[in-house]
Amino acid sequence: MIIFDEKEKIFKIDTENTSYVMGVIDEKYLVHIYYGKKLSGTHLAYLLDMDKEELSEIHINYGEKSSFLDRLPMEYPTSGMGDFRQSCIEVAQDIGKYGVELYYDSYEIIDGKPELEGLPSTFGDDVQTLCINLKDDILKLEVELRYSVFAGNDAVMRSAVISNCGDKPLYLDKVLSACVELGYGQNEYITLHGSWARERRIDRQRVGFGYHSVESSRGISSHQEHPFMAVVSEGATQETGDVYAMNFVYSGNFVSFIEKSQFGSQRFAMGINPRGFCWKLGAGEKFAAPEVVMVYSDSGLDKMTSTFHDLYREHLIRKSWVYSKRPVLINNWEGTYFDFDEKKIFDIAKEASKHGIEMLVMDDGWFGKRNDDRTSLGDWFVNEEKLKGGLKKLVDNVNSLGMKFGIWFEPEMISPESELYKKHPDWAVHIEGREPGQVRNQLVLDLSRREVIEYVYESVASILRQANIEYVKWDMNRPFTDIGSSELDADRQGEIMHRHTLAVYELQGRLLKEFPYLLLENCSSGGARFDPGMLYFSPQIWCSDDTDAIERLAIQESTALMYPLSVIGAHVSDCPNHTVGRVTPFKTRGIIAMAGTFGYELDVTKIPEEDRDMIASQVETYKKYCPLIQSGDYYRIASYQNNHYFDCYEIVSKDKKEAILVFVQVIAQPNMHSIRVKLKGLENEAKYKINGTEYDADALMNGGFIIKRPWGDFQAELFHIEKIND
Ligand code: GLA
């Protein structure tokens, strides 16, 4: 529920368990008052009194303007006027830079949630939105801050829409989407860092004085840092402590920061990375800043996780896919790399179909002259020397086995060695006069050009029109460098990367309109574009090129901090693992891949027979538990990142009638016979059965469940927990 209290002059946004409160000071400044556990009343403006002396000066003393501006808990801070902390917005006019000062103008509370033009965002019924308008009359600039809440979920969705109400262009150098002032406590911040094949490792630091940030300027959300930050009270755990988190519904450059001021207050914000960004906003035009999802939990990370999972399942992922069982797939990438022909693909499909696998995905190498990664991106025509008889014949043959067919594309790219580049060298992102730098022997297509967007669309769509293709893996394998477009004017070059992201959204949106049945899986050298923006289009995202089961424990743990298991692409691959050389039991690989969209990535005709013989039962197990994995509540019980020896997690159905518990012994310990793990999320007074034995729920949750330590490293066990009907 959202209200404006006339007497107190406050806005109060209530969700089931949280309140978010803002006020207007001096009829001018929109300030933040409170965010946290739900408050019953509206007598809250007094919370600003700690700064009263300074704030009351506003009326009488502009001789010390910056002493209050630099202290005010601004809701959408601006720059250049006396608040020296980080701002949310910076704007220049064509005659030079100007400070921005936004004054409160008006508000509206609406039932529903306006779309953000061209951008993915959460959607659904039973939602309220507060729009607050701020104005800078000198710049003729309007900012509409939006706050939406869905009934039954604690997240607050934030965005800002900037309008140029004047008659001259404005240059937006910085437009963040959300900012919140977080009191004065001792806090820590959690961020996710990584690299190729090592995505999203959890990092936790104390919030010291000054500015602490994560960002991407690579044009994608990136392997290196993630558009997520959680500020937590010191020592917060899975079950205890305050957690304030932000996650960005955007797939390009981002920044998120926490800044502790001279007074100890902490400003927490997120938005498009201003580095390299400048958007020319013509007279009468609007700019929409992408959505930030903001979550507060008063009881640790578990509750934060469940709020994100429920929100994304109910309000971000396409309804047709969110809870439907995805086909168990086999992808040929690690099985064959570029070395395949139609016979090899069919042989893999044939063998896989015997073991219950439901879809064959043909990865990179089927088009142009692509026999390695040096050529042909952009030449999206079938290589009939490799696939004799053509694509349709192969797809029909695979379909005749009762299997679906999926295919790989990397549509945003162009290889310098390609037919396309010969014809259109200027279609690559480049700076006039400079030889553009290659990554993986490829360049990025300039999607700020309309003709390039149309070419890309037709390339992908015409392949999909040729045959019964039901799945697309949409890959993106390099960051942006040499950022320039031969088409855009000089004062628009700072728009290139945002335009690229918008174009990717447009392309994927159009594709899903023409092929509504399509299962889209996004990918970016593994998980370099694993973000809520992509989730809006694709209900699953390839999580990492590292398919080693043990490495995956860490990657999947952090990914599941906010993303539901149903979106995490996870495959069983062959050993020794191609990334780390580790050998793990096939059983372990299967159990760990089940905490995601289960599939295989190997040459099933070549793996050891005893492994192959396990596939059918793994597929059966996955199918049996799939509804629970997709819709249940996920709980982290132990992490080998912390204890060095074992991992343990649990998924409990919403009705608490069943659960699965996964225990993975990463490293065996001598003379350690068994361990008690405390289960979570069961119905307190109920009884449950595990492996034929009955237990009281409160005993399992407080005393624990005893797991006998397995023999050897890399051993996994999956336990099914079933409620006994009374
Ligand atoms: C990327 C993907 C892989 C695979 C290769 C193909 O690295 O992450 O899964 O598709 O490209 O070139």
Side-chain angles (χ1 to χ4, degrees), residues 194-200 218-224 251 329-340 344-345 348 359-380 383 386 405-418 438-445 460 463 469 471-479 504 519-531 534 538 540-548 551-552 555-556 559 567-574 577-580 589 593 596-603:
S195 185
W196 173 75
R198 205 161 19 86
E199 291 88 341
R200 292 178 289 286
R218 294 165 194 264
I220 43 179
S221 40
S222 93
H223 293 109
Q224 287 70 17
S251 314
L329 63 82
I330 185 160
N331 177 305
N332 71 304
W333 178 242
E334 284 197 22
T336 66
Y337 295 104
F338 293 101
D339 186 16
F340 64 85
K344 181 80 235 174
I345 295 290
I348 291 176
M359 179 162 75
L360 181 285
V361 176
M362 181 168 66
D363 211 278
D364 192 358
W366 56 267
F367 52 92
K369 297 190 178 120
R370 191 147 164 108
N371 293 314
D372 55 39
D373 64 11
R374 284 194 295 257
T375 74
S376 302
L377 294 171
D379 297 345
W380 298 108
N383 180 344
K386 240 173 166 172
F405 191 92
I407 200 164
W408 179 96
F409 285 96
E410 196 179 353
E412 299 155 63
M413 296 294 150
I414 180 165
S415 305
E417 211 179 308
S418 64
Q438 298 177 23
V439 177
R440 209 190 186 208
N441 311 298
Q442 63 199 56
L443 304 173
V444 184
L445 276 171
V460 178
I463 294 288
I469 297 170
Y471 160 108
V472 162
K473 178 174 170 187
W474 180 303
D475 209 341
M476 195 299 182
N477 282 322
R478 65 155 286 176
V504 172
L519 173 56
L520 190 61
E521 175 155 348
N522 270 290
C523 171
S524 180
S525 300
R529 206 163 56 180
F530 200 123
D531 57 61
M534 289 283 100
S538 65
Q540 56 194 58
I541 304 179
W542 185 227
C543 182
S544 174
D545 277 347
D546 193 340
T547 53
D548 170 64
E551 287 296 299
R552 273 301 186 109
I555 300 172
Q556 293 175 194
T559 305
V567 310
I568 300 176
H571 297 167
V572 174
S573 61
D574 201 7
N577 178 267
H578 294 194
T579 315
V580 290
R589 283 176 259 161
T597 63
F598 186 72
Y600 292 83
E601 184 154 338
L602 37 75
D603 184 346

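Fair warning: this is a prediction, and the values are worked out from it, not measured in the lab. Start at 1 and go down the list; that is how both ligands and their atoms are numbered. What's counted below: heavy atoms across the whole structure, side chains too, no hydrogens, waters or symmetry copies.
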Side-chain (H223) to main-chain (S525) donor-acceptor, under 3.5 angstrom: yes
Under 3.5 Å donor-acceptor, W366 side chain and W408 backbone: yes
Within 6.0 angstrom of K344 NZ, more than 12 heavy atoms from elsewhere: yes
Residues R370, D379: salt bridge by 4.0 Å N-O rule: no
Check: G335 main-chain N/O paired with N332 side-chain donor or acceptor under 3.5 Å: no
Close N/O pairs between ligand 1 and protein, under 3.5 Å:
{"unit_1": "ligand 1", "atom_1": "7 (O)", "unit_2": "D545", "atom_2": "OD2", "d": "2.9"}
{"unit_1": "ligand 1", "atom_1": "8 (O)", "unit_2": "G526", "atom_2": "N", "d": "2.8"}
{"unit_1": "ligand 1", "atom_1": "8 (O)", "unit_2": "D545", "atom_2": "OD1", "d": "2.6"}
{"unit_1": "ligand 1", "atom_1": "8 (O)", "unit_2": "D545", "atom_2": "OD2", "d": "3.1"}
{"unit_1": "ligand 1", "atom_1": "9 (O)", "unit_2": "K473", "atom_2": "NZ", "d": "2.8"}
{"unit_1": "ligand 1", "atom_1": "9 (O)", "unit_2": "D545", "atom_2": "OD1", "d": "3.3"}
{"unit_1": "ligand 1", "atom_1": "10 (O)", "unit_2": "D363", "atom_2": "OD1", "d": "2.6"}
{"unit_1": "ligand 1", "atom_1": "10 (O)", "unit_2": "D363", "atom_2": "OD2", "d": "3.3"}
{"unit_1": "ligand 1", "atom_1": "10 (O)", "unit_2": "W408", "atom_2": "NE1", "d": "3.0"}
{"unit_1": "ligand 1", "atom_1": "10 (O)", "unit_2": "K473", "atom_2": "NZ", "d": "3.0"}
{"unit_1": "ligand 1", "atom_1": "10 (O)", "unit_2": "D475", "atom_2": "OD2", "d": "3.4"}
{"unit_1": "ligand 1", "atom_1": "11 (O)", "unit_2": "D475", "atom_2": "OD2", "d": "2.9"}
{"unit_1": "ligand 1", "atom_1": "11 (O)", "unit_2": "N477", "atom_2": "ND2", "d": "3.3"}
{"unit_1": "ligand 1", "atom_1": "12 (O)", "unit_2": "D364", "atom_2": "OD2", "d": "2.6"}
{"unit_1": "ligand 1", "atom_1": "12 (O)", "unit_2": "R440", "atom_2": "NH1", "d": "2.9"}
{"unit_1": "ligand 1", "atom_1": "12 (O)", "unit_2": "R440", "atom_2": "NH2", "d": "2.9"}

V504 vs M476, side chain to side chain contact (heavy atoms under 4.5 Å, CB included): CA-CA, chis, key distance, verdict: CA-CA 10 Å; V504 172; M476 195 299 182; over 6 Å; no
